[in-house]
S.K.: 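Before anything else, here's the structure in question.
Only heavy atoms go into these numbers, but all of them, side chains included; no hydrogens, no water, no symmetry mates. Sequence lines set the chain letters: A, B, ... in the order given, protein chains first and strands last, and positions in each chain run from 1.
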There are 2 protein chains.
Amino acid sequence: MTTQVDGGKKAVRGSLSREQVLRGALDYVDEHGLDQLSMHKLGASLGVKAMSLYKHVTDKDDLLDGIVGLMWAEIPAEPPTDDWREAIRRLAASLRDLVHRHPDAAPLLISRQGLRERPLLICHGLMRLMRDGGVPEKCAAALLRTVFPFGLGYALAELSLPASPDQGPCDEIGFIRRATDLLPAEVSNDLIRTALLVCGDCEMTAQFHFGVDLMIGGLNSYLESLSPGMAEVPEGAS
Amino acid sequence: MTTQVDGGKKAVRGSLSREQVLRGALDYVDEHGLDQLSMHKLGASLGVKAMSLYKHVTDKDDLLDGIVGLMWAEIPAEPPTDDWREAIRRLAASLRDLVHRHPDAAPLLISRQGLRERPLLICHGLMRLMRDGGVPEKCAAALLRTVFPFGLGYALAELSLPASPDQGPCDEIGFIRRATDLLPAEVSNDLIRTALLVCGDCEMTAQFHFGVDLMIGGLNSYLESLSPGMAEVPEGAS
DNA sequence: TTGTCATGGCTTACAGCATAACGCTTGACG
DNA sequence: CGTCAAGCGTTATGCTGTAAGCCATGACAA
């Protein structure tokens, strides 16, 4: 039982740290689903009794907040390129990837309230880039407010489809079978066809990028309309 | 106790129906928050013991699904206008309104999986409109896949801001105070400024419409690029 | 060495939870 | 009148979050 590693400073005793508790919680949720997470089970999975967790976490709420923090930390704080358009695309893509990596924990990203530092840093970096690119501040903010919910929301919506995304081309037969399982029996074939169009084909990745480019393209043409020569527009949104 | 209305067919006895249980649950969540909803409390609020609810609902899961159904039902199935651009705007707006009307229940809309009939009907109507408007099917589907997550996600994101949306102009002082309460103490003033830009000003409604128009505008210019004369494009996306 | 102390774990305990199993009453219908 | 199902109640079980307090450990001062 006596551990001795955990170099240097303090707390040689503890085999557990807040970090490990949070990490363990995220792992547990990834593996067993959010509704299965309980202090007892989490403790057990860490080789510890439930109450011991409260030395590292004040609340279950605190635990959940910690999970959210851990997930945000998976997205780099600094934009990976100087081209703001490309940076926006990458951000959207990493938001989507994040959700796909943690399907069960992802809803927490949107339903738990409170400003997090990481997303703020990300916005900060992108605002700088866009300012340098001549995008008015208000437009930049609007775009960010558009991209974040879209990236998260799109991916979250994907999760609720019968077939999980990008696991090979999903045959229409299988899709219809599962879709009609979930839907009331009387839906028309016409509706099923719509379902196939909107949810069915599995080029979700391409369609996602199309959506992002929709926004960037929209902002582009908006900027054009402001100053037809491209670039450098002053204030004046809203 | 003996009720006698509830015209015609069967079950004169029951003072309760599935409808009423679900409605009661949604009301309860609206009033006390999602985490406060329990079968016991819901039963009590309906003047009934917990187990009686199980005559109308198989599960708590079923109850939650019912709540989601009830919320979707608040959005009209048919597009309210023939102009697809306007119809898309209205849809986005009603998604946002829906979330604002049920802040505590709204996360269920995105985190519960399974195809619902209502959103499918909505998509169906809009696809028809857009087809009539000369938008290729794949583009139409992509736009819908963009608008739904955005409308829900944007509104959900608003909820997590320190000040709830549209309750008067939120003074910057108050905002900063609350924001810094939630954030670690060492964040720079620069960051706070970004926070104000992205989350702070309260013209969320205007900014929301701007976001929607970003997408519609993007699709417009995409359509232009396909066939520079406007309207009537064949297949050919993806 | 010998205290003293904070740390991080364990134990016990409790109210609230979802839900299984079963029982009673009521009104409808043969 | 007899039968029945629907709609409610009762009881009970195992799991949940967490309050309160105990105990062993290692760090440090004397």
S.K.: How would you list, by chain and number, every residue that makes a side chain to side chain contact (heavy atoms under 4.5 Å, CB included) with B:E19, sequence neighbours excluded?
M.R.: B:S17, B:L70
S.K.: Of all of residues 48-62 of chain A, which get a heavy atom below 4.0 angstrom from DNA chain D, listed by number?
M.R.: A:M51, A:Y54, A:D59, A:K60
S.K.: Listed by chain and number, what are the side chain to side chain donor-acceptor pair (under 3.5 Å) partners of B:Q36, not counting sequence neighbours?
M.R.: B:K41
S.K.: Can you list the residues that meet the side chain to side chain donor-acceptor pair (under 3.5 Å) rule with B:R112, with sequence neighbours excluded?
M.R.: B:D61, B:D65
S.K.: From CG of A:L42 over to P of D:dT16, roughly how many Å is that when rounded to an integer?
M.R.: 11 Å
S.K.: Holding to ring-ring contact (aromatic ring centres under 6.0 Å, His included), I want the full list of residues that pass it with A:H32, two or more places apart in sequence or in another chain.
M.R.: A:Y28
S.K.: Under the rule for ring-ring contact (aromatic ring centres under 6.0 Å, His included), what residues qualify as partners of B:Y154, not counting sequence neighbours?
M.R.: B:F150, B:F208
S.K.: With sequence neighbours excluded, what pairs up with B:Y54 under the ring-ring contact (aromatic ring centres under 6.0 Å, His included) test?
M.R.: none
S.K.: Does any part of the side chain of A:L126, heavy atoms only, come nearer than 4.5 Å to the side chain of A:L143, both counted from C-beta?
M.R.: no
S.K.: Using side chain to side chain donor-acceptor pair (under 3.5 Å) as the criterion, list what pairs up with A:R89, not counting sequence neighbours.
M.R.: A:E86, A:D213
S.K.: Identify, residue by residue, the members of residues 30-41 of chain A with a heavy atom below 4.0 Å from DNA chain D, and return them in order of residue number, or none.
M.R.: A:L37, A:S38, A:M39, A:H40, A:K41
